[in-house]
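The block underneath contains the structure these notes are about, expressed in structure tokens.
Hydrogens, waters and symmetry mates are skipped; everything else that's a heavy atom, side chains included, is used.
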Amino acid sequence: AAAAKMGGLDILVLNHILPHPIQPFSGQKDDLDLLADLLKVNFRSYVHLASEALPHLQKAKGRIVVINSAVGKVSHPLLASYAATKHALDGFFSSLRSQFYYAGVEVGVTSCFLGYIGTASALRGIQTAGQSRLQTWVKPAKPEDTARAIAVATATQQDELYYPWLDVRPLVILNSVWPGLVDSVMRFISLRD
């Protein structure tokens, strides 16, 4: 109803998460409860919102923008549940994009795979988790530069954005041919003090 009052819906940006502590998965009840909550907020709500917006986006020949994470493409030793939701987003929205192409539905999907972005919550979470190697080896991208890159990817109708490109895209490519090396790199930078 709100979209009709505003004259239509051109772009739906899905960018919300339930925060996840950077810690190992132990399989205990707390971990399973967190996984259920993460799946509800970080995956199912994206699907539900996109489903509700789809009729409006079809009328406008609009676009869905999915803000994802690099861990939606590569593993991380301390983010198993979070990574599961991000892999699910990639699988669902990549398949949806393919379905739209196949069926001639004129709604685009831009998936944004983001690395270490210097938001206050990300900086605080990495500091709290004692991720000193990550802080030493990887410089956080500025949030405003990240927002600009997302806007450009959306406006130019890119299927996927990797940002910062040099931090994310080489890992994703390397992971497809040498996953053991990428796992080793991720374990190395994830070691705690």
Side-chain angles (χ1 to χ4, degrees), residues 1-20 35-76 79-117 119 141 143-177 179 182:
K5 291 178 186 175
M6 295 187 308
L9 181 62
D10 296 315
I11 299 171
L12 173 67
V13 178
L14 300 169
N15 181 28
H16 56 278
I17 61 166
L18 182 66
H20 180 285
L35 176 59
D37 290 343
L38 287 167
L39 285 167
K40 183 191 296 184
V41 175
N42 296 4
F43 174 66
R44 290 179 54 207
S45 67
Y46 280 57
V47 173
H48 285 274
L49 289 167
S51 298
E52 289 295 321
L54 192 54
H56 304 288
L57 292 168
Q58 284 179 299
K59 288 178 189 171
K61 298 179 182 177
R63 192 155 204 88
I64 300 169
V65 181
V66 181
I67 307 303
N68 204 328
S69 169
V71 300
K73 292 281 192 181
V74 298
S75 65
H76 188 290
L79 293 173
S81 296
Y82 180 77
T85 65
K86 297 306 181 177
H87 278 270
L89 283 177
D90 181 32
F92 182 84
F93 283 99
S94 292
S95 295
L96 193 63
R97 180 189 309 114
S98 183
Q99 173 191 319
F100 289 165
Y101 285 148
Y102 177 80
V105 174
E106 295 185 76
V107 174
V109 177
T110 297
S111 294
C112 304
F113 298 95
L114 306 181
Y116 182 21
I117 310 303
T119 62
E144 58 273 18
D145 293 342
T146 305
R148 190 174 302 107
I150 292 167
V152 168
T154 303
T156 58
Q157 301 180 356
Q158 294 176 34
D159 287 345
E160 293 185 339
L161 167 70
Y162 297 90
Y163 193 84
W165 193 92
L166 281 175
D167 294 344
V168 178
R169 189 62 176 146
L171 276 178
V172 172
I173 292 169
L174 192 56
N175 190 56
S176 67
V177 294
V182 173

Original post:
From L57 CG over to F100 CZ, what is the distance, rounded to the nearest 0.5 angstrom?
Top reply: 8.0 Å
Original post:
Looking only at heavy atoms, what is the nearest atom pair of V71 and A83, with distance?
Top reply: O-CB, 3.7 Å
**OP:** Kindly give the heavy-atom pair with the smallest separation between A141 and Y163, and that separation in Å.
**Re:** CB-CE2, 3.8 Å
Original post:
Regarding R63 and T110, is there a side-chain donor-to-acceptor distance under 3.5 Å anywhere?
Top reply: yes
Original post:
Going from OH on Y46 to CZ on F93, what distance comes out if it is rounded to the nearest 0.5 angstrom?
Top reply: 8.5 Å
Original post:
Side chains of L49 and H16: does their closest heavy-atom pair fall under 4.5 Å?
Top reply: yes
**OP:** Test side chain to side chain contact (heavy atoms under 4.5 Å, CB included) on H76 and S69 and set out the steps.
**Re:** CA-CA 11 Å; H76 188 290; S69 169; over 6 Å; no
**OP:** Mind telling me whether H20 and Y82 have parallel, tilted or perpendicular rings, with 30° and 60° as the class edges?
**Re:** tilted
Original post:
With respect to I67, which candidate in V13, T146, L89 satisfies the side chain to side chain contact (heavy atoms under 4.5 Å, CB included) definition?
Top reply: V13
Original post:
Would you find more than 12 non-hydrogen atoms of other residues, nucleotides or ligands less than 6.0 Å from Q58 atom CD?
Top reply: yes
Subject >> D145 and R148 ion-paired at < 4.0 Å >> reply: yes
**OP:** Could you grab the distance from atom OH of Y162 to atom CD1 of I173, nearest 0.5 Å is fine?
**Re:** 8.0 Å
